[in-house]
Amino acid sequence: MVGEIASLHVGSAGCAIGEQLWTQYAIQHGIATTDSDPIIRNEEGFKSSIFEMVDGKDIDYNHFARAVFVDTDSEAITKIKSRSNISKLVHPDNLISGKEGSSDNFVRGYYTVGRDSCRNAVESVRKIVEKCDRLEGFNWFQAFGGGTGSGVAMKLLDELATEYPKLENFFHSVFPSSKYSTSVVETYNFVFGLESLLEKSSVTFVTTNEAMYNYCQNHQVVSNPDLTDINKVLAQFVCTTNACLRFPSQFAGDMKTQTIHLAPSPGCSLVLPAMVEKKHMNIQYMVTKTILSPSHCLAGENLNNGKALSACLHYTGPKIKTSELSRSSKSLREDLNFADECGGGVKVNYTYENVVNGTLSFCCNHSSVVSLLKNQAKKFDLMYGKCNLNIGQ
């Protein structure tokens, strides 16, 4: 039986990522996003973990994304309603916007302007849960730079974790970059939101815009990537990683199984993602020569340094020999420096698709994420010290 998965896109970044993600989902599942595309209408036996079917004479489109889009500002939601490729995929009741933005401020998002949006989002999530037979959990998409992605997302997480304590929460989070910043206070937003994230999320896939920008330049031959290109990279990684949850696949598990493997102990839920597009390379070369390099890590960290607690390989693409992937995972196990108390296993999932080029994604619970956290802590201390200095003067 296919377990359902609901997605929550919070803030302008989360909504923008969702636009690219659901466009790729629709292509993979053969569902139309425009009037000219062929529409699957009540196909017998159609069952999807991420789409729900709605029967009714008054609607022209009967496949809706099992997703909620939330933003305190109306701009991102208005774009999805009117000009987005996924405007027909998302039910209007699940597009929630406020009257004023949170001004890149965690406190405004968590305590003040975000309360109404959060309340409406919880109600939409309840309706989705009631329609599910076996909901496995939630996929979250947000960035810590803004007040909505940090404040509203964490407030919503606190509410849903209390109401649905047994469901998994997978976060695909854009952390502040080490060198570049879109907002002066994004480090504050990150530090304030980190407590709820570590306490209540099952697994958090850590990415940065800086690393995904470099990935576009180095591996997708995009000379000057914009946010759309960056969001497509993250959407491609997510599609590859959760393909085993949406399609029949070898060694497939549910969200609970992935949580047990990727987050073996409480509090150790931050996972570093990496991705390689197959193109003309064989699987052995992809795994042993490229997947651990910093340029392929979507957080920009070097996975050759430090200790690994757990790891997982996801392959989506044309059919390959099972033995080839098994040998590659064995080589990866030898290259990774696993902690002594860990078993050193690399879980492998592969889903076959009728596409020309496959994609290999890699998720690793690795100690090198500490350097990213230290960098943000240093920025926070510098800003806090400057704040105290100004008050003293």
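Values reported hereafter were calculated over all heavy atoms of this structure, with side chains retained and with hydrogens, waters and symmetry mates removed.
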Under 4.5 Å between any side-chain heavy atoms of [X] and [Y], yes or no?
X: F237; Y: T207; answer: no
X: Y315; Y: T351; answer: no
X: E4; Y: K131; answer: no
X: L156; Y: V122; answer: yes
X: F171; Y: L157; answer: yes
X: W22; Y: I17; answer: no
X: H261; Y: C312; answer: yes
X: F144; Y: T187; answer: no

Would you find more than 12 non-hydrogen atoms of other residues, nucleotides or ligands less than 6.0 Å from [X] atom [atom1]?
X: E75; atom1: CD; answer: no
X: K79; atom1: NZ; answer: no
X: L373; atom1: CG; answer: yes

Check for a donor-acceptor pair, side chain of [X] on one end and backbone N or O of [Y] on the other, with a separation under 3.5 Å.
X: N94; Y: V90; answer: no
X: N365; Y: A311; answer: no
X: N242; Y: L245; answer: no
X: S310; Y: L262; answer: yes

Distance, nearest 0.5 Å, that separates [atom1] of [X] from [atom2] of [Y]:
X: M275; Y: L360; atom1: CE; atom2: CG; answer: 10.0 Å
X: K232; Y: Q220; atom1: NZ; atom2: CD; answer: 9.0 Å
X: T208; Y: L372; atom1: OG1; atom2: CG; answer: 7.0 Å
X: L227; Y: Q20; atom1: CG; atom2: CD; answer: 10.5 Å
X: S368; Y: N304; atom1: OG; atom2: CG; answer: 9.5 Å
X: Q217; Y: N224; atom1: CD; atom2: CG; answer: 7.5 Å

Taking a hydrophobic cluster as the set of Ile, Leu, Val, Met, Phe, Trp and Tyr residues connected by side-chain heavy atoms closer than 4.5 Å, whether directly or through intermediates, do [X] and [Y] fall within one such cluster?
X: L270; Y: L303; result: yes
X: F170; Y: I5; result: yes
X: L234; Y: V222; result: no
X: L194; Y: V10; result: yes
X: I260; Y: V348; result: no

Please evaluate residues K99 and D73 with respect to the criterion side chain to side chain contact (heavy atoms under 4.5 Å, CB included), reporting the C-alpha separation (whole Å), side-chain torsions for both, the decisive distance (0.1 Å), and the verdict. CA-CA 6 Å; K99 297 180 180 180; D73 192 4; over 6 Å; no
Residues 164-186 vs salt bridge (Lys or Arg N to Asp or Glu O under 4.0 Å), sequence neighbours excluded, gives E168-K256
Could you walk me through whether D158 and Y110 pass the side-chain hydrogen bond (donor to acceptor under 3.5 Å, both in side chains) check? CA-CA 10 Å; D158 291 341; Y110 193 95; 2.5 Å; yes
Over all atoms of both residues, closest heavy-atom pair of [X] and [Y]:
X: V206; Y: P273; result: O-CD, 2.8 Å
X: A6; Y: I128; result: CB-CG2, 4.2 Å
X: M154; Y: L197; result: SD-N, 3.9 Å
X: I80; Y: S87; result: O-CB, 3.0 Å
X: I86; Y: G18; result: CD1-O, 4.0 Å
X: S12; Y: D71; result: N-OD2, 3.6 Å

Assert yes or no for the condition that the ring centre distance of [X] to [Y] is strictly below 6.0 Å.
X: F106; Y: F192; value: yes
X: H29; Y: F51; value: yes
X: F190; Y: F175; value: yes

List for me each residue that meets salt bridge (charged side-chain N to carboxylate O under 4.0 Å, His left out) alongside [X], sequence neighbours excluded, and say none if there are none.
X: E123; value: R126
X: D93; value: none
X: E159; value: K155

Note to self: Salt bridge or not between K378 and D381? Use side-chain N to carboxylate O under 4.0 Å.
What the structure shows: no
* **From CA spacing to verdict: side chain to side chain contact (heavy atoms under 4.5 Å, CB included), R66, C132** => CA-CA 10 Å; R66 193 174 280 115; C132 294; 3.6 Å; yes
| Is the F205 ring parallel, tilted or perpendicular to the H172 ring (thresholds 30°, 60°)? | parallel
- Query: Hey, what's the ring geometry for H9 with F141, parallel, tilted or perpendicular (30° and 60° as the breaks)?
  - Reply: parallel
Derivation of the side chain to side chain contact (heavy atoms under 4.5 Å, CB included) call for F69 and I96: CA-CA 6 Å; F69 287 71; I96 301 166; over 6 Å; no
With no hydrogens and no angle check, just 3.5 Å: does a side-chain donor-acceptor pair link [X] and [Y]?
X: Y188; Y: N105; value: no
X: S117; Y: N120; value: no
X: T204; Y: S201; value: yes
X: E301; Y: S371; value: yes

Begin from the C-alpha positions of Y350 and H314 and carry the test side chain to side chain contact (heavy atoms under 4.5 Å, CB included) through to its verdict. CA-CA 6 Å; Y350 45 100; H314 301 269; over 6 Å; no
Partner of Q236 under side-chain hydrogen bond (donor to acceptor under 3.5 Å, both in side chains), picked from T241, N231, T316, T359, is T359
For residues 139-149, the side-chain hydrogen bond (donor to acceptor under 3.5 Å, both in side chains) pairs (sequence neighbours left out) are T72-T148, S102-T148, W140-N169, Q142-S173
side-chain hydrogen bond (donor to acceptor under 3.5 Å, both in side chains) filter on S295, not counting sequence neighbours, yields H219, S293
